[in-house]
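Notes follow the structure.
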Protein chains: 2
Amino acid sequence: MCDEPLRDRLVRVGVELLEQEGLPALTLREIARRAGVSHGAPRRYFPTHLELLSAIARAGFAQLEVAVRPRPGDGPRAQLATLARGYLAFARANPGMFALMFRHDLLASGHLGLRETSLPLFDRLVDLVAGVGTRSAAPPRVVAGALWANLHGIAQLGGWGSLQLATGEDDPEPLVSAALDAYVRG
Amino acid sequence: MCDEPLRDRLVRVGVELLEQEGLPALTLREIARRAGVSHGAPRRYFPTHLELLSAIARAGFAQLEVAVRPRPGDGPRAQLATLARGYLAFARANPGMFALMFRHDLLASGHLGLRETSLPLFDRLVDLVAGVGTRSAAPPRVVAGALWANLHGIAQLGGWGSLQLATGEDDPEPLVSAALDAYVRG
DNA sequence: TGACGCTGTAGACAGTGTCTACCTACTACT
DNA sequence: AGTAGTAGGTAGACACTGTCTACAGCGTCA
């Protein structure tokens, strides 16, 4: 039962460690320790710490993809709302993973798999925005970019309490509704 | 001419180092080296690395306040545009500083001076939003929060090229215009 | 003169990521 | 069957980090 490949085990242990202890605890040596191997072992599969973190982040993008998956039968507007609220809910439920996923200084930039997972997601957002119809003359791709940035900003600023402090509102939901209302037709 | 207090010199050297070498280079020991003192000296003024980084970030917020200062004689709409574009321009011109300012895990949370500088700035945004008039029924404070999150998301995602990759547009200006149009009256 | 703070030095410590030499078990070939 | 080769993991060194503690130089004031 212990025949799980070390490569997979390292990523799995990393995800767990990230959930339990947060991003600063996600050191190469601690991951190796929890996986029950020496600190040099990960090097066999991940030449550098960044590559291991990138693999963990890629697992996070896969989780995110599930979190924003539309429910069957929903129209474009409902799918868009699901995507937006799913994005925020994911960031709220997995703060460490969300922080890692967008810490580009920690990730091997251009790493295969990261852009592969996130770009199709954005394309889906573009399609939904185009399907619902925008309020501005800008092309759907630009509106989708602005909307994504808006959701991401809410997640980011909300994640460390800045938005709560500024607006006096603890729930990010009004902001999400405002963003959706601002960009797409009701 | 060398009578600049070490405390100020450390912050100044830190700001320069951040501009020149980026956030990862901003170690306590390197700052001390460039300030020409031993690595233990900063401890006299900043008990921990986080406190020194917080002081540097506070200098950054002061710079930001200047960057978004409205031009005299402008109406609320123009002031709002100046604030939005100034925020983006600052993030673009000072990527390292911008990254530090919002790396809450690196900053001493609740550090005096950080919230003191950023909250009045947000209040100004609220006033401008209220002055111009919003497109939604949400209170100005919520709209201002959503708009801030939007600008911040554009700055963040644009900073590492994700938005350019997604939208195919290199200039964030269309996104800023879209955000302003989406939230406030033209 | 002598005690006392203030300011900075120097070294130790545990922890990190990376690198290199080695060791072992298994595979494949002659 | 015997042996060479290799994949997979170990162990230790290295330079670097932030923190801590003991100590030295210096001015001030009683």
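Keep in mind that the numbers below use all heavy atoms, side chains included, and drop hydrogens, waters and symmetry copies. Order of the sequence lines sets the chain letters (A, B, ...), proteins ahead of strands, with each chain counted from 1. Given the structure is predicted, the values throughout are model-derived calculations rather than measurements.
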Short side-chain donor-acceptor distance under 3.5 Å, A/Arg58 and A/Gln63: no

Among C/dT16, D/dG18, C/dT7, the one nearest B/Arg44 by side-chain distance: C/dT7

Earlier contact from the 5' end, DNA chain C, for A/Arg43 and A/Glu30: A/Glu30

Sugar-phosphate only, base, or nothing, as touched by B/Tyr45 at under 4.0 Å among non-hydrogen atoms: sugar-phosphate

Distance in angstrom units between A/Arg9 CZ and D/dG8 P, rounded: 13 Å

Interatomic distance where CD1 belongs to B/Ile31 and P belongs to D/dT17 [whole Å]: 11 Å

Minimum-distance nucleotide (side-chain atoms of B/Leu28 versus D/dT19, C/dG17, D/dG9): D/dT19

Sugar-phosphate, base or nothing in reach of B/Ser38, heavy atoms under 4.0 Å: base

Side chain of B/His39 - closest among D/dA13, D/dT17, C/dG11: C/dG11

Verdict with reasoning, A/Tyr183 to A/Thr134, per side chain to side chain contact (heavy atoms under 4.5 Å, CB included): CA-CA 6 Å; A/Tyr183 279 108; A/Thr134 72; over 6 Å; no

Nearest listed nucleotide, side chain of A/Ala41, among D/dT10, C/dG17, D/dG18: D/dT10

CG-CG distance between A/Leu180 and A/Leu83, expressed to the nearest 0.5 angstrom: 9.5 Å

Interatomic distance, B/Leu17 CG vs D/dT17 P [rounded to whole Å]: 11 Å

Phosphate contact (C/dT18 OP1 or OP2) by A/Thr48 side-chain N/O below 4.0 Å: yes

Residue closer to the 5' end of DNA chain D, A/Gly40 versus A/Arg29 (nearest nucleotide): A/Gly40

Any A/Arg33 side-chain nitrogen or oxygen under 4.0 Å from OP1 or OP2 of D/dT10: no

Interatomic distance, A/Phe46 CZ vs D/dG9 C1' [rounded to whole Å]: 15 Å

For atom CG of B/Leu6 and atom P of D/dC26, their distance in whole Å: 18 Å

Rounded distance (nearest 0.5 Å) linking atom CD1 of B/Ile154 with atom CG of B/Leu175: 5.0 Å

Between OG on residue B/Ser54 and NE2 on residue B/His104, distance to nearest 0.5 Å: 10.0 Å

Between P of D/dT17 and CG of B/Leu50, the distance in whole Å: 16 Å

B/Leu26 CG to D/dC16 C1', straight-line distance once rounded to whole Å: 16 Å

Nucleotide C/dC19, atom P - distance to NE2 of A/His49 in whole Å: 14 Å

